[in-house]
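Beneath this line is the structure, given in structure tokens, with notes to follow.
A note on names: the letters A, B, ... follow the listed sequences, proteins ahead of strands, and every chain is numbered from 1. Below, each value reflects all heavy atoms present in this structure, side chains not excepted, and no hydrogens, waters or symmetry copies.
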Amino acid sequence: MYTPKILAGLMSLLLLVSACSEEVSPTVSSAGEMDADGSELVLLQARLNDLQERAQRLRDTKEIKRLQRAYGYYLDEAMWDDLTELFTDNATVEYARDGLYRGKERIREYLYRLGDNRSGLATGQLNEHFQLMPVITLSEDGMSAQGRWRALILAGQYQESALWGEGPYENEYVKQDGVWKISKLRWYQTIMVPYNGGWGLNEDVNQGIYVSPDFPPDEPQTDNFGSWPETFLPPFHFDNPVGRYVPSESTTEGEGQ
Amino acid sequence: MNYPKPLLLICLLLTSLNARAQDDALLSLATDIARAEMEIQLLEDESEVENLQRIFGFYIDKHQWTQAADLFTDDATLEIGGSGVYVEKARILEYFKRMGAEGPQEGILNDHMQLQPVVHVSPDGTAKGRWHHFSQQAELRVSHFWGTGIYENEYLREDGVWKISKLHLYSTMRTPVDDGWRVTALPRSQPSEEFPPDRPASVDYENYPSVYVVPFHYEHPVTSPFVPNIAVEVLSVPTAETLAVELEELDHRLSRLEDANDIERLQTIYGYYLARNQWDELTGIFASDGTIEIAMRGVYRGAASIRRNLNLYGVQDELPGELHNHMQYQPVIHVADDGLSANLRSRAFSMMGSFGNQGRFMGGTYENIFVKRNGQWMMFKDQQINTYFAGTDDGWINLTRSSPPGITQSNPPDEPPTMQFEMYPKAFLPPYHYANPVTGRTEVVQ
């Protein structure tokens, strides 16, 4: 790939040469009869640069998806050390209503406490956390990104509990030395309810509180959301990509299912 | 123009240098373009492999065994649960056929969701993918199950077409709906005696309630990131015209990938807005002449009608004690060559209900159309075909024949429904917008 300096040098050389070639013609080149003059080459290079940049942005989006999905597979198996290594050194995590934990080592300890201070699942433990519905938004410079996801959860302990869970993430990512990492993880617990009776007949089992009573967070819960059957709309990091509808006449609301 | 002699000499010298420099510049540019071509190829490959696995899932749902088996290479292997390894396409087809008659069957639910892909493609035309498997299976008045698992699959590109070369589904958990995973954990499957596998199971493990970590095909993405080994070499000096044509073609291919990315994102955003009754936001993602047709309620055409249709599902932005989580999974996207329209098939899976009453699951299929206008993708046709509505505790076992909600007289559609269907336990195959990506077959094999 050309650096701008080399490009500038190449351009001025070609400009000088094309001035010369008015006198000394025809230009001879092994490239064939249709010769690339300087400006044409510069144009081609510019088009290539554009393609490379766009391809890189798509690759970044795909890498961020892989990163969050890898997070899900580690979480399924309570692989806390692998999970921790997905974060930047000064990342923050905030699950449900447990408050915010800052920095890799605090995150590691938080995760271990989630998993009863052991690495890997205990016998009879189910911890499926499907990572679904990515909406990834890359920054202009391609060095950071935001992502909304939804987790669908099947969790529990054989002979003790079975739970349905669900909730969206609003996460942030940064690229460091060419590698994407999670810099901020925020998960909103819509429901965490017993299998029997589901969300229709049960309130949230833990009101979104996991380990914070024994392991206080670095900062309290950063937003004002409660637990099922209370509902909350986690803010979107993105605007409507097409544009919100503006009604021209009044519509009748809520005519039932 | 008359140059002084020394300058003329310099010019003569430069002209010969010029030829060399131009050749070098062209060669260097051609090499960079070849590299970009390979990078774009890898992005296309990743999308095609994801489409392939998702297409496989939709075929399995509907017992389309021949269509599913045709997605495999001739010498592919298939290993599901503890059933052992079946080798070659013909044996794989036979394995599928022993799971039931070909084609969708009344009284049978066989939804197999293909979720959370982590796909890595190599420049040599091979790929590996890890997926989550989530299943809803039922036989009317006999049984119904939840299941989860992990795929670790391999893919091969043959003559430009991606195929599955190895499919390995590890069972994680399987339980009857009546009990759930607190009470009952079924063991993984055992090798068949009537139709024994060609090889024993490749790995010995027990599923839930035991713990088994399915080996990952990839290293840790942060501490050992995957870097495809791209090597390109351009030997002869191309003309600028050739390079311009190549760039044009790459731009075209990359644009279609960007389109697919935008469309998947838009369909997902649709799901988020739907989940919270954000009706004005949701209406806004449709083209001004777009349509919505949900659950045989008929076709609502144009923004005002679409907005009016959404009133059928609740009051805008108001959801106290309501769960209305409409998830969007497993998109199969095909963008038209001109980049102005696209089709998407995807899966609907919903968790719905009001606190105080039994909640419901809803399964279904979308066949949607998107259009690009003024450089912006928008939804043009939104059609959702329900597979079932089922109570969280009742499940599917005793569902009775029922049609989807249909037309609401007080808020009628602009046009009648375009498709008639009954939900499970009746069998219905929502038409595909695509042909089998390997054989090109479109008809349903009976």
(request) Just say parallel, tilted or perpendicular for the rings of B:Y273 and A:F238, cut-offs at 30° and 60°. (result) tilted

(message) Counting heavy-atom pairs under 4.5 Å with chain B, which one of A:A70, A:G156, A:S161 comes out on top?
(response) A:S161

(message) Less than 4.5 Å to any heavy atom of chain B: does that hold for the side chain of A:F232, its backbone, both, or neither?
(response) backbone

(request) Verify whether one side chain among A:E85 and B:T223 offers a donor that lies under 3.5 Å from an acceptor in the other. (result) no

(message) At a 4.5 Å cut-off on heavy atoms, which part of B:T31 comes close to chain A: side chain, backbone, both, or neither?
(response) neither

(message) Looking only at heavy atoms and a cut-off of under 4.5 Å, which of B:A36, B:A287, B:A303, B:S354 has the most pairs with chain A?
(response) B:A303

(request) Check whether B:L42 gets within reach of chain A through its side chain, its backbone, both or neither, counting any heavy atom under 4.5 Å. (result) neither

(request) Decide yes or no on salt bridge (charged side-chain N to carboxylate O under 4.0 Å, His left out) for A:K65 and B:E46, but give the supporting numbers first. (result) CA-CA 12 Å; A:K65 288 182 185 176; B:E46 191 175 332; over 6 Å; no

(message) Looking only at heavy atoms and a cut-off of under 4.5 Å, which of A:E63, A:Q125, A:K181, A:E128 has the most pairs with chain B?
(response) A:E128

(request) Please say whether the positively charged group of B:R182, taken as NZ for Lys or CZ for Arg, lies over the ring of A:Y195, i.e. under 6.0 angstrom from the six-membered ring centre and within 45 degrees of the axis. (result) no

(request) Against chain A, label B:E246 side chain, backbone, both or neither, depending on which of its atoms sit under 4.5 Å from a heavy atom there. (result) neither

(request) Please work out whether the ring planes of B:F216 and A:Y74 are parallel, tilted or perpendicular, with thresholds of 30° and 60°. (result) tilted

(message) If I measure from the heavy atoms of chain A, does B:R130 come under 4.5 Å with its side chain, its backbone, both, or neither?
(response) both

(request) Would you mind telling me which of B:Q358, B:M327, B:M378, B:Q267 has the largest number of heavy-atom pairs within less than 4.5 Å of chain A? (result) B:M327

(request) Could you tell me which portion of B:N277 (side chain, backbone, both or neither) has an atom closer than 4.5 angstrom to a non-hydrogen atom of chain A? (result) neither

(request) Under 4.5 Å heavy-atom distance to chain B, tell me which part of A:L43 shows up: side chain, backbone, both or neither. (result) neither

(message) Given 3.5 Å as the limit, does a donor-acceptor pair link the side chain of B:T392 with the main chain of A:G198, or not?
(response) no

(request) Report the option among A:D82, A:V246, A:L121, A:D76 that has the most heavy-atom pairs separated by less than 4.5 Å from atoms of chain B. (result) A:D82

(request) For residues A:W180 and B:F226, establish whether the separation of their ring centroids is below 6.0 Å. (result) no

(message) Given heavy-atom pairs under 4.5 angstrom as the criterion, report whether the side chain, backbone, both or neither of A:E77 touches chain B.
(response) side chain

(message) Does any backbone or side-chain atom of B:D393 lie under 4.5 Å from a heavy atom of chain A? Answer side chain, backbone, both or neither.
(response) side chain

(request) Name the region of A:T137, side chain, backbone, both or neither, that has any atom closer than 4.5 Å to a heavy atom of chain B. (result) both

(message) Closer than 3.5 angstrom, by distance alone: can the side chain of A:Y245 be matched with the main-chain N or O of B:F286 as a donor-acceptor pair?
(response) no

(request) Please state whether the side chain, the backbone, both or neither of A:I136 comes within less than 4.5 Å of a heavy atom of chain B. (result) backbone

(request) Output the option from A:Q159, A:Q131, A:R54 having the highest count of non-hydrogen pairs under 4.5 Å with chain B. (result) A:R54

(message) For the backbone of A:A155 and the side chain of B:W181, can you confirm whether one donor and one acceptor N or O come within less than 3.5 Å of each other?
(response) yes

